[in-house]
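See structure below.
In this text the structure is predicted, and so the values were computed from the model without any measurement. Chain A is the first sequence line, chain B the second, and so forth, proteins listed ahead of strands; every chain is numbered from 1.
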Amino acid sequence: MTGTEFMDIRENADIKIIDVKTDLSSYAASDLRQVLEDLLTEKVNKVVVNFKDVDHINSTAVGTLVGIAKRLRQNDGDLKLCNLASTLTRTFNLIGASSVVEIYESENSAIAAF
Amino acid sequence: MTGTEFMDIRENADIKIIDVKTDLSSYAASDLRQVLEDLLTEKVNKVVVNFKDVDHINSTAVGTLVGIAKRLRQNDGDLKLCNLASTLTRTFNLIGASSVVEIYESENSAIAAF
Amino acid sequence: MKKDQIELNVPSDVFYLESVRVFIGKLSETLRFSKKRIADIQLALDEICSNAVYHGSKCVSSGIQLQISVDTRSLEIVVSDKGREGMQDWSTPEKLAEIQANRSPTSERGHGLYLINCLTDDHKLQANTVGGTDVTAIFYRDVKQEKG
Amino acid sequence: MKKDQIELNVPSDVFYLESVRVFIGKLSETLRFSKKRIADIQLALDEICSNAVYHGSKCVSSGIQLQISVDTRSLEIVVSDKGREGMQDWSTPEKLAEIQANRSPTSERGHGLYLINCLTDDHKLQANTVGGTDVTAIFYRDVKQEKG
Ligand SMILES: Nc1ncnc2c1ncn2[C@@H]1O[C@H](COP(=O)(O)OP(=O)(O)O)[C@@H](O)[C@H]1O
Ligand SMILES: Nc1ncnc2c1ncn2[C@@H]1O[C@H](COP(=O)(O)OP(=O)(O)O)[C@@H](O)[C@H]1O
């Protein structure tokens, strides 16, 4: 699993870090789901998603992240998000998803929180 | 003359420097023309246009610059352009306008060329 | 008051919604909405158009239509789909109340209509004559009428 | 070969061409044209649409139309205007040859058609039935990088 056109995957010890390189509306959301599903299949259970290069997210992509976060927790892992622009945080807050998925300022703080 | 929504105007000795802050298609081209006409009216004759923040220019805007360059030269002045992205240089080259308007890598070299 | 009209028809494929989103974004920018408002308008329209594609279209060639009206007071966008089996009459007040009542922040789906409600200054959902839905979203250009 | 169809109608006002340009840009990007090609496509369309507004429209409400066809091989865009008095029959081969012969790199105007010719893979200018012009621009897609 080395990533896709829209996502790079790096690792830091047992944590996988996904760099999203595209805005996340419905088209790219299915790509994100695929990448995360593949990591679940590989029994990865600690994942950080880096939103540094993302300007837009919609409810389909937020829902995907919520679903994956729940499943990772069932495996004693977790999904953490970092580097969100304020418009993205607003979308998570409006939906109420920030109560389910943890959002961190930086990649380091997301990693440290595992 | 202090600029417009799309253009800032600075000065360096007797040279006016216009920072274009928008892409230059037909809509903004009329703004550029107005700014340059106003400088001509004010008897300014040395002008540098800085394209650092410009990603697109069309033939209407190129034509405007060609016309103003000719008029400034009649007043013993000149118009010089700087910081053009390669797609912009390409447009000037295709039209043949780079034989009429001088294009420089940097603001400093444009200023030094007067 | 003079209204400018724009019409945009795209296939029912989320692939094209990327282009629709930047179109709406640039239009809102030229109409001088604030950065924050532009993001809101783009998200609301993304949700409306995604619904039209996922729930309101039989196939890619069904197509969705955006009718955009611009005047000094507002930006109004009507997104129309042609509907598909089993999706009729979903937008009655009772059905919409039920959808809203069932929404949970922790669920994966069902946040689109809620966001549309939050992000528009006004909106309307109506069954149209071809068996689909017309969703109208209104954004006032006057900053004072901006919502939360 | 399956073709996807997009239609975009905007008022004859250069104000809206900014939004059209980013739409065409994003569409070309999602179709995986290279950065340089995207700039070429945007410039060609800017020139075609600016001409349709300046030379081919009586007033703002005349409107211009873009019909966009996408298939695995090409992106084809037809820009139609409704024409205006004194601008009929300008696109005959003789008139076009005259326009080209008169072009001078040092003149302020008259570079649009030349750029359209340089930047498209193929193009066509035709009088349409409503007294205006249909300008067709074709851009071939790099077959190796086609949409999935
Ligand atoms: N354009 C539409 N046509 C038909 N049904 C729709 C349309 N938009 C929304 N719906 C219905 O409303 C429900 C809620 O929509 P929404 O809140 O956007 O969440 P989601 O799309 O994630 O289900 C959808 O599941 C669907 O049943
Ligand atoms: N859509 C159009 N309708 C009518 N005339 C047109 C149209 N496009 C171009 N023309 C004619 O062709 C001429 C050359 O166009 P162009 O090369 O784009 O340069 P410019 O627009 O700067 O004059 C125009 O001046 C006009 O007379």
ask   = Among residues 106-115 of chain C, which residues come closer than 4.5 Å to chain A, judged by heavy atom distances?
value = C/T106, C/S107, C/E108, C/R109, C/H111, C/G112, C/Y114, C/L115
request  = Examine whether an atom of A/L65 lies under 4.5 Å from a heavy atom of chain C, and if so say whether it belongs to the side chain, the backbone or both; otherwise answer neither.
outcome  = neither
inquiry  = With heavy-atom distances below 4.5 Å as the criterion, would you say the side chains of C/L66 and C/C49 are in contact?
reply    = yes
ask   = So do the side chains of C/L75 and C/L31 get within less than 4.5 Å of each other, counting heavy atoms only?
value = yes
Main-chain N/O of [Y] paired to [X] side chain as donor or acceptor, under 3.5 Å:
X: C/Q67; Y: C/V78; answer: no
X: C/K82; Y: C/S62; answer: yes
X: C/S57; Y: C/A52; answer: yes

inquiry  = Between C/T136 and C/E76, do the side chains contain a donor N or O and an acceptor N or O under 3.5 Å apart?
reply    = no
Contact leader toward chain C among [options], where contacts are heavy-atom pairs under 4.5 Å:
options: A/S99, A/S26, A/A97, A/A69; value: A/S26
options: A/S30, A/S86, A/G63; value: A/G63
options: A/G67, A/A29, A/A28, A/S98; value: A/G67

query = According to the salt bridge (Lys or Arg N to Asp or Glu O under 4.0 Å) rule, which pairs have a member within residues 53-72 of chain A, sequence neighbours left out?
reply = A/E37-A/R71
request  = Apply the side chain to side chain contact (heavy atoms under 4.5 Å, CB included) test between A/V47 and each candidate in A/I68, A/L39, A/L81; give the one that qualifies.
outcome  = A/L39
